Amino acid sequence: MARVLLFGRLADLAGWRDREIDPAPASLTALRTALAQADATLGEALDGPGVQVAVDKVLVRGDAILAAGTEVAFLPPMSGG
Amino acid sequence: MITLTDQAFDPGALLTGFCAGRTETGAVASFTGLARAEGGDALVLELEAYPGFTDAAIAGFADAAKTRFGLQDYLIVHRTGRIAPGEAIVFVATAAGHRRAAFEACDFLMDYLKSRAPFWKKQHGPDGARWIEPTSQDRTDATRWDPPAQEPS
C-alpha cells in the first residue's frame, strides 16, 4: 500500500487529495504511470513545470523506490504564506 | 519555534508571551501579517500546508537564520485553512542582544515565508476561487538576502 497526497491545484484537478494505492507500485515512475492511466489529465499535470515530489516528506528528484507504506506527495509551485 | 494552526490567534498575546522573562535579550522585533479584503475581491483566503513537511521546512530555514543573525530565539505562528479578511495570517518574533539583528532577521524570515515556504494559497472571491503564486515583488524581496553572484574568472 502507498499513500498518495495531492496539494493545491493538483487536488482540485483530480477531485481528490488523499488516496491509497494497493499494492504499492515498485517505483515513483510506476506510480506516475498508474496515476496517468487512471486520469490522463492528472498524469500530465503531475509531470508539469514546477511540480515537486516528496517521498515520506523528503523532496526527491527523478525516480525513487517505493517501499510498502510509503507516502508520496505531489507539490505544485508553492505560493508562500 | 514554529507552529501551524487552523485557529485564529491573538498577535498581541503571542508578543507578550515571547517577551516574558527575557532579562538578557535587549531587542525583540515582530511582524504580523493580516489577510486583506482586496476591495471585496477576497472573501476568504484558504491556505494549505503539508503538516510534517511545511513546518520542518520552515524550522530548517529559521534555524539557519538564527545562526546567520545571531538570534537568541524566534517564534513563528502561521495560520492554515480558511482565513477571513482582517484576521492574522502570520506572526514572526525575533529576539537578539541588539535591535539590528532582531529587525533584519524578522525581515529575512518574512521574505522567506512570503515566497519560498511550502504553502498553497487560494483566494475565494465573488467570481469563484483561484490559486495564487508569489508575486514577482515577493520573489525579488527574497533574493535580497542571497549571496551576490560570482563573477566568472
Side-chain angles (χ1 to χ4, degrees), chain A residues 1-21 24-25 27-28 31-32 35 39 41-81, chain B residues 2-5 31-35 45-62 76-81 83 88-92 109-124 128-142:
Chain A
M1 192 269 290
R3 187 174 180 205
V4 180
L5 303 178
L6 303 179
F7 287 87
R9 58 177 168 78
L10 294 175
D12 282 1
L13 183 72
W16 55 271
R17 56 183 58 248
D18 186 344
R19 179 168 284 183
E20 289 181 355
I21 296 187
S27 69
L28 195 51
L31 172 65
R32 285 178 182 278
L35 291 171
D39 182 341
T41 309
L42 175 64
E44 199 172 311
L46 296 181
D47 288 334
V51 175
Q52 294 181 285
V53 182
V55 174
D56 287 333
K57 299 189 170 72
V58 176
L59 289 176
V60 298
R61 283 167 180 264
D63 203 3
I65 303 292
L66 302 184
T70 301
E71 180 176 283
V72 180
F74 290 91
L75 313 172
M78 296 157 185
S79 62
Chain B
I2 152 83
T3 303
L4 302 177
T5 176
F31 176 87
T32 304
L34 306 177
L45 197 63
E46 188 177 345
L47 210 54
E48 189 179 14
Y50 180 8
F53 177 85
T54 299
D55 36 337
I58 295 172
F61 191 86
I76 299 171
V77 178
H78 211 298
R79 274 290 295 278
T80 60
I83 304 160
I89 302 177
V90 59
F91 174 85
V92 175
L109 287 171
M110 273 313 304
D111 281 345
Y112 163 76
L113 287 165
K114 285 297 291 181
S115 64
R116 295 178 182 176
F119 290 103
W120 297 273
K121 188 157 53 179
K122 195 182 203 177
Q123 183 174 301
H124 295 264
R130 66 183 183 93
W131 291 99
I132 297 175
E133 296 201 358
T135 65
S136 56
Q137 183 65 56
D138 288 336
R139 289 203 181 92
T140 307
D141 285 347

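Here is the naming used below: chain letters follow the sequence lines, and residue numbers restart at 1 for every chain. The structure displayed is predicted, hence computed values, not measured ones. Basis for what follows: all heavy atoms, side chains included, without hydrogens, waters or symmetry-related copies.
At a 4.5 Å heavy-atom cutoff, the contact between B:A49 and chain A is made by backbone atoms alone. Heavy-atom distances place the backbone of B:L113, and not its side chain, under 4.5 Å from chain A. Looking at B:Y112, there are no atoms closer than 4.5 Å to chain A (heavy atoms on both sides), in backbone or side chain. For B:K122, the part sitting under 4.5 Å from any heavy atom of chain A is the side chain, from C-beta outward, and nothing else.
Between chain A and the residues B:A117, B:A129, B:A57, B:G33, the most heavy-atom pairs under 4.5 angstrom are made by B:A117.
Minimum interatomic distance between A:K57 and B:Y50 (heavy atoms only, all atoms of both residues): CG-OH, 3.5 Å. Of all heavy-atom pairs between A:M78 and B:R116, the closest is SD-O, 4.4 Å.
Going from atom CD of B:E48 over to atom CG of A:L6 covers 9.5 Å, rounded to the nearest 0.5 Å.
A:F7 pairs with exactly one of B:W120, B:F53, B:F119 by the ring-ring contact (aromatic ring centres under 6.0 Å, His included) rule, that one being B:W120.
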